[in-house]
Amino acid sequence: MVKDKYDPREIEAKWQKIWEKKDVFRAKDTSKNPKFYVLVEFPYPSGSGLHVGHCRSYTALDIVARKRRMEGQNVLFPMGWDAFGLPTENYAIKTGIHPAEATKENTEAFKNQMRSLGLSFDWSREINTTDPEYYKWTQWIFIQLFKKGLAYKAKMPINWCSSCKIGLANEEVVSGNCERCGSKVERKEKEQWMLKITDYADRLLKDLNLVDYPERVKLSQEEWIGRSYGAEIIFKIHESNLSVPVFTTRPDTLFGCTYIVLAPEHPLIEKLKDKISNYNQVAKYIERSKKKMEKERLAEDKEKTGIELLGVKATNPANNRKIPIFVSDYVLSQYGTGAVMAVPVHDSRDFVFARKYNLPMIEVIQHGRRERRRKLDFSGGGFKSAYEGEGFLVNSGKFSGMVSEEAKKRIVEWLKVRVSGSEKVSYKLRDWIFSRQRYWGEPIPMVFCEKCGWQPVPEEDLPVKLPEVKSYQPTEEGESPLAKKEEWVKTKCPVCRGSARRETDVMPNWAGSDWYYIRYADPSNEKKLADSKKISYWLPVDWYNGGMEHTTLHLLYSRFIYKFLWDIGAVPKETGPEPYRKRTSHGMILGQGGTKMSKSKGNVINPNDVIKDFGADTLRVYEMFMGPFEQAIPWDTKGVKGVRRFLEKVWGLKEKPFAENENKETERIILKTSKKVSEDIELLKFNTAVSSLMILANKLDSQKEISLAHLARFLIILFPFAPHISEELWLLAGFKGMCSEQEWPESKDQEEDKISITIQVNGKARDRLETGPGLSEKKAVEVAKEKERIKKYLQGKKIKKVVFVKNKVINFVV
RNA sequence: GCCGAGGUGGCGAAAUUGGCAAACGCACAGGUUUCAAAAACCUGCGAGAGUAAUCUCUUGAGGGUUCAAGUCCCUCCCUCGGCACCA
């Protein structure tokens with residue numbers, strides 16, 4: 001072999017071309033081999049190019065994909081572009097460049113970067129959410145939702161910047177202020193399209209049992225759905241035939257309820273208008289709190305405010321006492337019934353409020369243990385704090401003495417009989433605001449007709465293409481820029497053919513990513529979102545990796561849309577109710593020094609530069625080696641150099657003379673490493689896989705000569721991590737075919753022919769005993785006792801006990 | 001406040017799940033090479049004592065279980081992420 005320098009630039013480009021030409025990464029829609037669908041989140045193609053964080057996730061799953069292909073599986077590893085979104089639109093507002101043009105440029109740059117990393121995507125299935133042929137189906141899904149009553153229009157508050165005169169997405173609100181101008185963001189009511197995800201709350205929760213997600217991901221989904229079981233209790237309004245239901249998880253504390261509180265938006269207030277003697281003040285209070293940002297209202301440290309509705313009272317159904325009614329913005333209108341029963345002694349929020357307004361407090365739950373009870377007793381005329389735990393009931397009529405758990409059931413039963421309450425389940429999850437008053441998104445395919453109301457665009461007219469506009473700026477009133485395009489807005493009603501107007505709102509960023517993994521199964525289908533046979537072959541996704549930042553919303557939304565498509569038969573029944581079998585997530589890559597990478601800090605690492613200076617294989621291996629995959633980790637350029645040194649060493653192996661015989665010791669290490677690498681890849685423990693590859697390389701490098709069989713086996717297991725150098729060395733060594741076509745080694749447990757037993761005295765390791773496996777206790781102890789170093793410790797002492805663990809340890813207790 | 005993850009050398013981290021703590025890599029020091037430097041290679045590298053063999057100590061703090069604890073149990077401290085008036 002010829003002595004030459006390791007030049008990744010040349011060999012990497014070469015192999016990337018060869019792989020592409022031979023089309024080795026194409027997934028086949030039918031195969032005798034088992035299918036394996038591995039998915040990474042498709043990126044938003046921003047102007048700043050691929051981030052080293054993308055490389056981490058993509059390389060990791062690329063390794064999995066390459067390994068599975070070598071194991072003979074039919075692997076689908078697709079890539080596409082989630083290209084609708086604000087940054088591109090803002091760029092268009094600033095520069096006048098059409099978002100589609102910017103998107104095209106950006107996706108090309110991203111694609112080139114991915115190619116130069118040697119990622120084994122099947123580019124024949126590339127998709128783009130901004131492609132009309134793609135968003136045709138995103139719109140189709142919306143229409144199906146509408147037809148099933150799961151999409152509806154409602155007045156909802158939006159974030160409104162009165163200085164920019166623009167509706168803001170939640171992401172654009174930074175601690176209550178507008179991201180661009182810094183002025184305070186207000187709430188403004190606007191008609192919005194909503195999706196009824198709450199109808200799916202129970203299934204989204206229950207079906208978490210069917211999938212393999214990390215526990216913390218499941219927990220955050222559960223948390224987000226926020227199911228709680230309790231009761232709805234009806235409070236009658238005194239001297240009227242009106243009543244107000246409240247939701248509580250603690251019906252056992254009903255006797256301690258001394259007032260009720262309504263959210264400012266509660267409709268009852270309007271109905272009681274004539275009876276409320278201080279209505280003017282109440283109206284003022286409501287006006288003020290409506291203007292506040294929701295986030296502001298929720299801030300805990302903020303003092304609770306409220307106002308009593310004078311002239312009206314409610315009746316506590318437990319004891320028929322007349323109790324006051326308050327309005328306060330500490331009660332959320334969207335949760336439960338928008339009204340709560342206040343039990344000051346057993347709820348800290350009610351406690352704070354009651355103390356401020358001097359409202360009566362009745363203790364109804366006492367803790368079981370005496371020492372706790374003393375603390376809760378009156379001291380100096382008031383309670384010190386609320387007791388929120390369970391216990392046994394006091395001051396609760398015939399329920400006194402019962403424990404909370406039983407009282408919850410009994411009190412609800414009792415209320416049921418008197419038609420003043422029943423069991424009820426409540427969710428934190430709210431319906432999904434699906435409208436954006438923006439340009440760069442999928443137009444919502446709906447038409448409004450004065451006569452026929454909201455009508456979906458006929459399916460044969462899809463896609464509703466985004467029209468060209470002069471300015472991408474929203475209107476003065478906060479409408480989408482599309483609203484200015486009168487000739488586009490004006491249309492015919494699909495039902496009565498009369499004149500009608502198009503919806504000008506567009507869909508949120510999430511819309512395109514809710515179902516993209518289905519489209520990969522059949523990306524150019526013109527008749528359906530994807531062919532049923534292809535869906536049922538490829539789906540569910542076997543392994544989905546993405547960022548922790550998407551584990552609540554994207555995951556929840558896409559699970560919802562998938563379930564819906566499954567319900568209406570767009571996804572065949574046999575595919576099952578969940579889109580992703582297994583989910584994992586990668587940690588962030590931080591800047592050198594441990595802070596977040598950002599342009600303003602100037603610590604952004606550009607993968608292009610790393611590839612140019614060190615090579616793609618080095619970048620890949622470094623990112624896998626830098627630390628545990630699921631953990632955030634700072635970049636370290638010196639570490640990159642270390643990995644490059646490792647690959648130089650590997651490159652140097654071809655200089656070694658070939659050995660006729662195989663080194664026994666090396667043989668053992670190769671078997672061990674193959675097994676370790678196989679296992680580690682599946683467990684995402686890439687850092688230790690690389691480390692064991694380094695150990696093996698060091699071993700091979702330390703030998704004077706190297707056997708060809710050993711070199712081949714090393715290259716095969718190195719291949720998924722550093723595919724270019726592996727292919728090149730495979731070729732240079734004169735092996736048959738390509739490295740990528742080789743079979744992955746089966747991981748076998750090898751019979752250890754050498755075992756070393758730790759010898760301890762009083763639990764402290766003092767020596768080792770090198771021996772074969774299966775040494776008996778008697779024999780082992782005999783030999784161990786005779787060891788010089790052990791003798792020293794045993795001398796003049798009495799052996800009290802000997803602990804023997806086969807093939808592992810002998811411990812003398814003296 | 002609640003939930004989650006974590007705390008091991010100068011740094012990123014390993015530790016077959018209870019059996020020689022610090023593998024692998026970085027940084028650092030010394031050496032080889034060189035007119036010199038870089039690169040490369042070799043050696044050393046948790047702390048303390050000793051010329052040395054070797055010994056003692058060491059996994060956020062304190063207690064416990066065990067022949068044996070980084071790993072299991074209890075109490076506490078700190079860091080980072082998420083949620084946050086959800087009744």
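Lettering follows sequence order; numbering is per chain, from 1.
- Of all heavy-atom pairs spanning A/S220 and A/T552, the tightest one is OG-CG2, 3.5 Å.
- Between the base of B/G4 and the side chain of A/E223 there is no donor-acceptor pair shorter than 3.5 Å.
- Mapping A/L219 and A/F812 onto RNA chain B via the closest heavy atom, the residue that lands nearer the 5' end is A/L219.
- Comparing the P positions of B/G70 and B/C78 gives an interatomic distance of 25 Å, to the nearest angstrom.
- B/U75 and B/G82 are spaced 28 Å apart, taking the P atom of each and rounding to whole Å.
- Going from the C1' atom of B/G81 to that of B/G30 covers 44 Å, rounded to whole Å.
- Side-chain nitrogen and oxygen atoms of A/K801 include at least one within less than 4.0 Å of the OP1 or OP2 phosphate oxygen of B/C67.
- To the nearest whole angstrom, the two P atoms, one in B/A5 and one in B/G44, are 41 Å apart.
- A/S348 and A/E388 form a side-chain donor-acceptor contact under 3.5 Å, judged by distance and modelled atom types alone.
- Atom CG of A/N811 and atom C1' of B/G19 are 9 Å apart (whole Å).
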- Determine, stepwise, if the pair A/N603 / A/K596 fulfils side-chain hydrogen bond (donor to acceptor under 3.5 Å, both in side chains). CA-CA 8 Å; A/N603 60 352; A/K596 213 172 159 176; over 6 Å; no
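- Here B/A87 presents its P atom at 13 Å from OH of A/Y330, a figure rounded to the nearest Å.
- The residue A/K428 sits close to a base: some heavy atom pair falls under 4.0 Å.
- Under a 3.5 Å cut-off, the side chain of A/S674 and the backbone N or O of A/P745 do not form any donor-acceptor pair.
- Atom-to-atom, CZ of A/F686 to P of B/C24 comes out at 22 Å; the value is rounded to the nearest Å.
- Side-chain atoms of A/S776 come within 3.5 Å of backbone N or O of A/K779 as a donor-acceptor pair.
- Out of B/A87, B/C20, B/G12, the shortest distance to the side chain of A/T758 is found at B/C20.
- Using a 4.0 Å heavy-atom cutoff across all strands shown, A/D636 reaches sugar-phosphate atoms only and no base atom.
- Mapping A/D347 and A/R216 onto RNA chain B by nearest heavy atom places A/R216 at the nucleotide closer to the 5' end.
- In this structure, A/R583 contributes its side chain and A/P214 its backbone to no donor-acceptor pair below 3.5 Å.
- Side chains of A/S426 and A/Y229: a donor-acceptor N/O pair is absent below 3.5 angstrom, by distance only.
- For the pair A/R645 and B/A40, the criterion of a side-chain N or O lying under 4.0 Å from OP1 or OP2 is met.
- Between the side chain of A/R430 and the backbone N or O of A/Y335 there is no donor-acceptor pair closer than 3.5 Å.
- Taking only side-chain nitrogens and oxygens, A/Y335 comes nearer than 4.0 Å to OP1 or OP2 of B/A87.
- One can place CZ of A/R227 at 17 Å from C1' of B/A87, the figure rounded to the nearest angstrom.
- Taking 90° from 0 as the syn/anti boundary, the base of B/G44 is oriented anti.
- Spacing of P atoms, B/C3 relative to B/A68, comes out at 35 Å, to the nearest Å.
- Atom pair A/K672:NZ and B/A14:P shows a separation of 17 Å (rounding to whole Å applied).
- Counting any heavy atom pair closer than 4.0 Å across all strands shown, A/S220 reaches no nucleic acid atom.
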- Task: Dot-bracket for RNA chain B, please, read 5' to 3', with Watson-Crick or G-U wobble pairs under 3.5 Å on both distances, ( ) within the strand, [ ] crossing, | other strand, . unpaired.
- Result: (((((((..(((......[....))).(((((.......))))).((((....))))..(((((..]....))))))))))))....
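- Spacing of P atoms, B/U79 relative to B/A15, comes out at 27 Å, to the nearest Å.
- When the C1' atom is compared between B/G9 and B/A27, the two are found 12 Å apart, to the nearest whole Å.
- Using modelled atom types, one side-chain atom of A/K218 and one backbone atom of A/L208 make a donor-acceptor pair closer than 3.5 Å.
- When heavy atoms are screened at a 4.0 angstrom cut-off, A/P634 is found touching no nucleic acid atom at all.
- Distance, A/K638 NZ to B/A13 P: 17 Å, rounded to whole Å.
- If you check every strand for non-hydrogen atoms under 4.0 Å, A/G226 touches nothing.
- Atom P of B/C67 sits at a distance of 23 Å from the matching atom of B/U16, rounded to the whole Å.
- Straight-line distance from the CH2 atom of A/W635 to the C1' atom of B/C11: 16 Å, rounded to whole Å.
- In terms of phosphate contacts, A/N687 brings no side-chain nitrogen or oxygen within less than 4.0 Å of OP1 or OP2 of B/G25.
- Counting non-hydrogen atoms under 4.0 angstrom, A/V805 reaches a base of the nucleic acid.
- Summarising the geometry, the separation between CZ on A/F629 and C1' on B/G12 is reported as 17 Å, rounded to the nearest angstrom.
- Judged by distance alone with a 3.5 Å cut-off, no donor-acceptor contact links the side chain of A/K800 to the base of B/C67.
- Regarding contacts with the backbone of B/A15, a side-chain N or O of A/K685 is found under 4.0 angstrom from either OP1 or OP2.
- Between A/S228 and B/A87 there is a side-chain N or O to OP1 or OP2 distance below 4.0 Å.
- At the phosphate of B/G25, OP1 or OP2 sits under 4.0 Å from a side-chain N or O atom of A/N698.
- In the model, A/E41 has a side-chain atom that pairs as donor or acceptor with a side-chain atom of A/H550 under 3.5 Å.
- OP1 or OP2 of B/A13 sits under 4.0 Å from a side-chain N or O of A/Q631.
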